Peer 1: 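Handing you this structure, nothing more for now.
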Amino acid sequence: MATFQTLPGFREFYPEDFARRNHIFRRWRHTANTFGFSEYDAPVLEPLELYRAKSGEEIEAQLFSFTDKGGREVALRPEMTPTVCRLVGARASALKRPIKWFSIAEFYRYERMQKGRGRCFSQFNADIFGEPGPEAEIELIALLVQCLCAFGLTEQDFHVRLSDRDLWIFYLEALGLDEARIRAVLVAVDKYEKMGDEAFKPYAESFGPLDGGLKAKILSFLAIKSLAVLEQTVANLDGGRLGARLGDWKKLLGALAAMGLARFVEVDLGVVRGLAYYTGFVFEAYDRKGELRALAGGGRYDDLVEKLGGPALPAAGFAIGDMTFALLLEQRGLMPDFTQAPDVYCVIGGEAERLAAFGDIQALRAAGHRVDYPLKDMAFGKQFKAAAESGAKLALIYGSDELAKGVVKVRDLTQRSELEVPRAQVLATVRDFFSGA
RNA sequence: GCGAUCAUAGCUCAGUCGGUUAGAGCACCAGAUUGUGGAUCUGGGGGUCGCGGGUUCGAGUCCCGUUGGUCGCCCCA
């Protein structure tokens, strides 16, 4: 057993693992680019205060934080949102609108590990700044769906549950609740799916038992799963704000339907996301079977940029975590096998032949072909075995017979056929082979 | 922070009632094999049985502790 172990909850990426992670990152990045989002990155280490300001003192227990040699309190970033708010806030007036940004980065949280959760993980983050209307959510939810579909997942595999904190607040106000009670009810709603009636206990402790009729209304609102029922429910209440808000819902759902994405999106007011900073639409992506933790989550946070010292700037965004996502891909058999094969494997007779081969190897590699060869002299039989095992399509044979004739033998390892080509034409022959000529 | 469970080779695991020098398959390396294929055969390297203590003539095996993995609770930005 090695003396030194990986720190608890951290991950190592051996080449097979790294290939899988690269595959995921590559497709996320490509998808974000097709949606016109620009990639950014920022420091892994940030002032601890940035997270205190966003989430409060209690957050510190969940952070990898310490005091640096300059006496600064710092923390490894546990999320991207505060950072991107700072970046955008600092240059808000100079950035061309709409501001559509994404990042793929690693984060650290000091937590106990579970399935789909570790102390270090990666997230794809996408955010839109400066757009107050549902047009931002349209882009974000479409991007979220495509980021999952890009791997072959379908509406059989996942869904996006869409809810709205504004709607909840307007509705609860219409029912006559004050701000403190509304906050407590939202906490209960957030936990209701998991805990059932128990979820209302903290509310009862602060404000006394919730009136029976009121509770019934809240529970039926929570259970709403369609726009039609939603419209029906709020029809007779507080016409102004609720009505206008429903207009935003229609615009959002209409746009997603026009994109052909309606089958992925479900109205589900049971989702409110506990985070206090969300201000409007909120959404979460889950696997259909409900076996895994959330694949992605996001929503609108119109007050956060200003709260962190920037200008007032509306914003919305979401993040996809890599751990649960990779679990889902593997469960569905959608994680490809990544064996990295060279295009060309060189079979080399001896020292003199090796020097000749080196010239071609260098030229082929410079031309973009993946070329490998045995580092040390080996029997021909072994080299052919190695060539076959490597997965290369072509073998180039540099033997004494060939060199005497000024040729190289080119063997098609798939067809098991070979031909001799003059040494000067090796590069052209390989190029033509791989260009399909 | 709490609970359950597990820990023997790089991986998957066996290891009898506590008894001699801890095994197998896969993987890796080499040979058979000095010019043609993923095979086969032979051999090899690789272990502080997670770590520490205890019981015992004797511990991979039993007991206590500890570290770590996995899963769940709290939390989940």
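Below, chains carry the letters A, B, ... as their sequence lines are ordered, and counting in each starts from 1. Because the structure is a prediction, the values reported are computed rather than measured.
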Peer 1: Keeping to residues at least two apart or across chains, list the ring-ring contact (aromatic ring centres under 6.0 Å, His included) pairs with something in residues 374-426 of chain A.
Peer 2: none

Peer 1: Could I get the full list of side chain to side chain contact (heavy atoms under 4.5 Å, CB included) partners for Lys409(A), not counting sequence neighbours?
Peer 2: Ile397(A), Glu402(A), Glu418(A), Glu420(A)

Peer 1: Output all residues satisfying side chain to side chain contact (heavy atoms under 4.5 Å, CB included) with Ala285(A), sequence neighbours left out; order by chain, then residue number.
Peer 2: Leu144(A), Leu148(A), Val160(A), Leu295(A), Ala296(A)

Peer 1: In whole Å, what is the span from the OH atom of Tyr14(A) to the C1' atom of C11(B)?
Peer 2: 12 Å

Peer 1: Measure from NZ on Lys382(A) to P on U40(B) and round the result to the nearest Å.
Peer 2: 14 Å

Peer 1: Are the side chains of Trp28(A) and Gln123(A) in touch, meaning some heavy atoms are under 4.5 Å apart?
Peer 2: no

Peer 1: Once salt bridge (charged side-chain N to carboxylate O under 4.0 Å, His left out) is applied, do any residues pair with Asp322(A), and if so which ones, sequence neighbours excluded?
Peer 2: Arg11(A)

Peer 1: Which residue pairs pass the salt bridge (Lys or Arg N to Asp or Glu O under 4.0 Å) test with at least one member in residues 118-132 of chain A, sequence neighbours excluded?
Peer 2: none

Peer 1: Sugar-phosphate atoms are those with a prime plus P, OP1 and OP2; base atoms are the rest. Using that split, label each nucleotide of nucleotides 65-73 of chain B B, S or - for protein heavy atoms under 4.0 Å, 5' to 3'.
Peer 2: ---SSBSBB

Peer 1: Measure all distances between protein nitrogen or oxygen atoms and nitrogen or oxygen atoms of nucleotides 35-38 of chain B, and list the pairs falling under 3.5 Å.
Peer 2:
residue, atom, partner, partner atom, Å
G35(B), O6, Ser400(A), N, 3.1
G35(B), O6, Asp401(A), N, 3.2
G35(B), O6, Glu402(A), OE1, 3.3
G35(B), N1, Glu402(A), OE1, 2.8
G35(B), N1, Glu402(A), OE2, 2.9
G35(B), N2, Glu402(A), OE2, 2.4
G35(B), N2, Lys409(A), NZ, 3.2
U36(B), O2, Arg411(A), NE, 3.2
U36(B), O2, Arg411(A), NH1, 3.2
U36(B), N3, Glu418(A), OE1, 3.2
U36(B), N3, Glu418(A), OE2, 3.4
U36(B), O4, Lys409(A), NZ, 3.1
U36(B), O4, Glu418(A), OE2, 3.1
G37(B), O2', Arg416(A), NH2, 3.4
G37(B), N7, Arg411(A), NH2, 2.9
G37(B), O6, Arg411(A), NE, 2.6
G37(B), O6, Arg411(A), NH2, 2.8
G37(B), N1, Leu413(A), O, 2.5
G37(B), N2, Leu413(A), O, 3.1
G38(B), N1, Ala388(A), O, 3.3
G38(B), N2, Glu389(A), O, 3.2

Peer 1: Under the rule for side chain to side chain donor-acceptor pair (under 3.5 Å), what residues qualify as partners of Glu79(A), not counting sequence neighbours?
Peer 2: Lys54(A)

Peer 1: With sequence neighbours excluded, tell me which residues meet side chain to side chain donor-acceptor pair (under 3.5 Å) with Asp17(A).
Peer 2: Arg20(A)

Peer 1: Should stems be defined as at least three consecutive Watson-Crick or G-U pairs with both distances under 3.5 angstrom, which of them involve RNA chain B?
Peer 2: B:1-7 with B:67-73, B:10-13 with B:23-26, B:28-32 with B:40-44, B:50-54 with B:62-66

Peer 1: List the residues meeting side chain to side chain contact (heavy atoms under 4.5 Å, CB included) with Val74(A), not counting sequence neighbours, and say none if there are none.
Peer 2: Leu45(A), Phe66(A), Asp68(A), Arg72(A)

Peer 1: Please identify each residue that fulfils side chain to side chain contact (heavy atoms under 4.5 Å, CB included) with Leu210(A), with sequence neighbours left out.
Peer 2: Phe200(A), Tyr203(A), Leu214(A), Lys215(A), Ile218(A)

